[in-house]
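A short worksheet on the structure shown next.
All values reported here derive from a predicted model rather than from experimental measurement. Lettering of chains follows the sequences in order, A, B, ..., and the numbering in each one begins at 1.
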Amino acid sequence: MNVASLLASKGSKVITIQPQQTVRQAVGLLAEHNIGALVVVDRSSSPVGIVSERDIVRSAARNERVFSEPVASLMTKDVVIGLPHDDLASVGHTMTERHIRHLPVMEAGKLVGIVSIGDVVKAQRDQYQGEVETLQTQILGDRP
Amino acid sequence: MTQPGTEAQPLRVAIVGAGPAGYYAADHLLRQDSVVVEVDMIDRLPTPYGLVRAGVAPDHQKIKSVTAAFDKVAAHPRFRFYGGVDFGKDITVADLRRHYHQILYSTGAQTDRRMGIPGEDLKGSHPATEFVAWYNGHPDYRDCRFDLSQERAAVVGVGNVAIDVARILCRSPQELATTDIADHALEALRNSRIKEVYLLGRRGPAQAAFTNPEVKELGELADADVTARPEEVELDELSRAAVERSQDRAAVKKVEILREYAARKAGGKSKKLIIRFLVSPVELCGNEAGEVVALRLVRNRLEATAAGTLQAKPTDQLETLPVGLVFRSVGYRGVPLPGVPFHESWGVILNEHGRVLDPDTKQPVVGEYAAGWIKRGPTGVIGTNKPDAAQTVACMMEDLAAGRILKPEEPDAAAAGLLIRERQPRCVSYEDWLKLNELELARGRAAGRPRVKFTRVEDMLAALGR
C-alpha cells in the first residue's frame, strides 16, 4: 500500500500559511480546520517549512509574545516530503523514527496532500483488520 | 416529509457494482439498528461477486468461499439484485436520483496501468487483467486470444496478480482440470507450448508486493521448477537495513523462500518459472509481422526517497530477454463513471472518506458515495473492503441524520424495479443467479470439477429459459 492510496480517500486538501503571517493566524487556522500542522509555503506555493501545534506550544512556553511573531520564526525548515508512490510502511517507520507527525506529499512540484501519523496508523489497522477478516472467512466459512 | 429510515418509509440505497465492497456496504447498511434500509444492487454482469468470480484464480477455491457470506447478505428481505444492468447506459445517475436517497459506487479498478514504453501494443503483449478475466470466464473476454504456441512468456510485475498469471501458465492440464477455470481456457492451456515463464520485478525481493503463501505455492507446482538468480535475491545494503529496522518478519521470510529457490538444483519438470528482480522493461521488440519477440530490460539499483521508500533507479546495463508473449501487471486503476467526478491521476472517484466530492467546490455531492477500489485504489485483500465500506456507510448514516440526502420523486422499490426492467429487459434477479449457480455446480459435479461456468450472457439467459 502506498501514500497515493491513502490520499485517494483522504482528499488532497492541504491547509497552508505563508511565512510572514503571524503565529496567531496559524493558531486560528489550526483550530478552524481541526488539524495539527500547517504547511508553510512561499508565494509560488512551494513548501518552505511546516509549523505544528507542538512548535507553537514550545515557543509559547518560552515567549508569551510569540503569537504576534511571524510563522517563519518558529517553523521547522527541514521538511521531509513524501511522494505518492512511497510505501506506507516505510513512511510509517521514517515518521516514527524521526518524530515526524505530518508529511506533506508532493508530485511534479505540487503539493497533493498531507499524511499524518494518525492516517498511517489507521491505514495499517484497516489493512490488518482486512487480512483478519479474510482469514476468518476462509477458516470459519462464515463470520463467527 | 419525514426523515426516511422507517418501516413505512425505508432509506432507499442503490449500490452500483456487485463485488466485495458492494456486498460489505450492503451488509453494513442492512445491519443498522435504528435505520430501516432497502438496498438495490445493480451490476453490469448477470453474475455477482465481482473479482471473487472474475479475478480470484481458479486454483484458489478457498478464497472464493467468501461468497457464502455474500449470499447471506443477499438473502435479506430488503435486498434486491439487478444483474446485467449497465450503469451509464441502461440506467443513469439521473434515473437513480429519482428513485433513491443515496447512491453508492463500488465498481472497482476495471482497467490496468500501461507501462508507457515502445512496443507495448505489439501482438502478443497483453494486460494481465485480460488473461485473468479470460481464464475466469468473464463474458466480455470470452473471445480473447492468447498465443500459447509460444515457448517463452514474461509477466511484468511481482504482485499477486502477476503470480496468478505465471502460476496458471505453469500449471499442468491435470492440475487445471480440478479447478473451475473456464472451459475455453482449459482447452487452450491444454495445448499450450509454454516452457519458460519469467516474472519480472523492478525492485528487489524485499519490496516485492506478492505475499508469502503465494510465492511459496510457486515452489510446489507439479509441472514447473521455480528458480531465481542468487545475485538478485541477495539483499543490497539499503534493503537489508530497511528489513532489519522494520523487523518485518514477513519480508525476512519472503527473502528466505526466494533464496531457497535460487539455491535449488535444476529439476526435471517440463516447465520453468524464473523470478527476476531489479529489472524493468524499456522496450518490447517486434518482428516484421508486428509480433513481440523480445523484451529489452534495464537493470535497476535501489535508492531511498526522502520518506525512506526504496525505489528503482535504472542503471546503464541493458539485456535482451527473448519472449513471444508478454503480460503487464504493473497496477490497476478505476474507470470513470458517466456523470461521476473522477480523480485522473489516482484513478479513483474523487472522494473524501467515501463521500463523492464536487471537482470544483471540493464539497460533498449530496447522496453519492464510493467504496472499495474505486474509492481508495487497488490495495488490500478482499476483507480490506469491510472496514473500507464501514467508513463509507458511517458517512452515509451521518448525512442521513443531518438531512443531507437526495429527495427522490419515487422512493419506491416497485417503481425502481419497473424502470430497471423496462430499460434492460434481460436483467436477472438474485433468484435467477442462484439458479445459474446451481446449474454451474451441477455441470461441475458431472465433470468432477468444483464448477463449470457459463461464459456467455446468451448461455446464461438460455439456461434460465429466457
Next item on the list: Over all heavy atoms of both residues, which pair between B:Pro387 and A:Gly130 is shortest? Give the atoms and the distance, please.
Entry: CG-N, 4.4 Å
Item checked: Part of A:Val132 within contact of chain B (heavy atom distance under 4.5 Å) -> neither
Note to self: Out of A:Glu107, A:Gln129, A:Lys13, return the one with the most heavy atom pairs under 4.5 angstrom to chain B.
What the structure shows: A:Gln129
Next item on the list: Look at the side chain of A:Thr134 and the backbone N and O of B:Gly383, then say whether any donor-acceptor pair between them is shorter than 3.5 Å.
Entry: yes
Check: So which of B:Thr305, B:Ile382, B:Leu310 has the biggest tally of heavy-atom pairs under 4.5 Å with chain A?
Finding: B:Thr305
Margin query: Report which part of B:Lys362 has an atom under 4.5 Å of a heavy atom belonging to chain A: side chain, backbone, both, or neither.
Written below: neither
Note to self: Ignoring hydrogens, what is the shortest heavy-atom contact between A:Gly82 and B:Ala307? Give both atom names and the distance.
What the structure shows: CA-CB, 4.2 Å
Next item on the list: Tell me, for B:Ala306 versus chain A, whether the close heavy atoms (under 4.5 Å) come from the side chain, the backbone, both or neither.
Entry: both
Notebook entry, point to check: What closest approach, in Å, do A:Asp126 and B:Thr384 show between heavy atoms, and which atom pair accounts for it?
Noted result: O-CG2, 4.1 Å
Check: Which pair of non-hydrogen atoms, one from B:Glu352 and one from A:Lys10, has the smallest distance, and what is that distance?
Finding: CG-O, 3.3 Å
Next item on the list: Count the heavy-atom pairs under 4.5 Å between each of A:Gly11, A:Ser12, A:Ser5 and chain B, then report the option with the highest count.
Entry: A:Ser5
Checklist line | Nearest heavy atoms of B:Trp346 and A:Leu7, plus distance in Å | finding: CH2-CB, 3.5 Å
Note to self: Is it the case that over 12 heavy atoms from other parts of the model lie below 6.0 angstrom from the CZ atom of B:Arg328?
What the structure shows: yes
Notebook entry, point to check: Relative to chain A, which of B:Gly308, B:Gly347, B:Ala242, B:Ala390 shows the most heavy atom pairs under 4.5 Å?
Noted result: B:Gly308
Item checked: Largest heavy-atom contact set with chain A, pairs under 4.5 Å, which of B:Gln207, B:Arg376, B:Arg355, B:Gln311 -> B:Arg376
Note to self: Counting only non-hydrogen atoms closer than 4.5 Å, does B:Tyr24 touch chain A with its backbone (N, CA, C, O), its side chain (CB onward), both, or neither?
What the structure shows: side chain
Next item on the list: Pick whichever of A:Ala4, A:Ala8, A:Ser9 has the most heavy-atom pairs under 4.5 Å with chain B.
Entry: A:Ser9
Check: Which bit of B:Val348 comes within less than 4.5 Å of chain A, counting heavy atoms only: side chain, backbone, both or neither?
Finding: side chain
Note to self: Can you tell me which portion of B:Thr379 sits under 4.5 Å from chain A's heavy atoms? Options are side chain, backbone, both or neither.
What the structure shows: side chain
Check: B:Arg245, B:His343, B:Lys62: which one forms the most heavy-atom pairs within less than 4.5 Å of chain A?
Finding: B:Arg245
Item checked: Structural part of B:His353 lying under 4.5 Å from a heavy atom of chain A -> both
Notebook entry, point to check: Is any residue of residues 83-100 of chain A within less than 4.5 Å of chain B by heavy atoms, and which ones?
Noted result: A:Leu83, A:Pro84, A:His85, A:Asp86, A:Asp87, A:Ser90, A:Val91, A:His93, A:Thr94, A:Glu97, A:Arg98
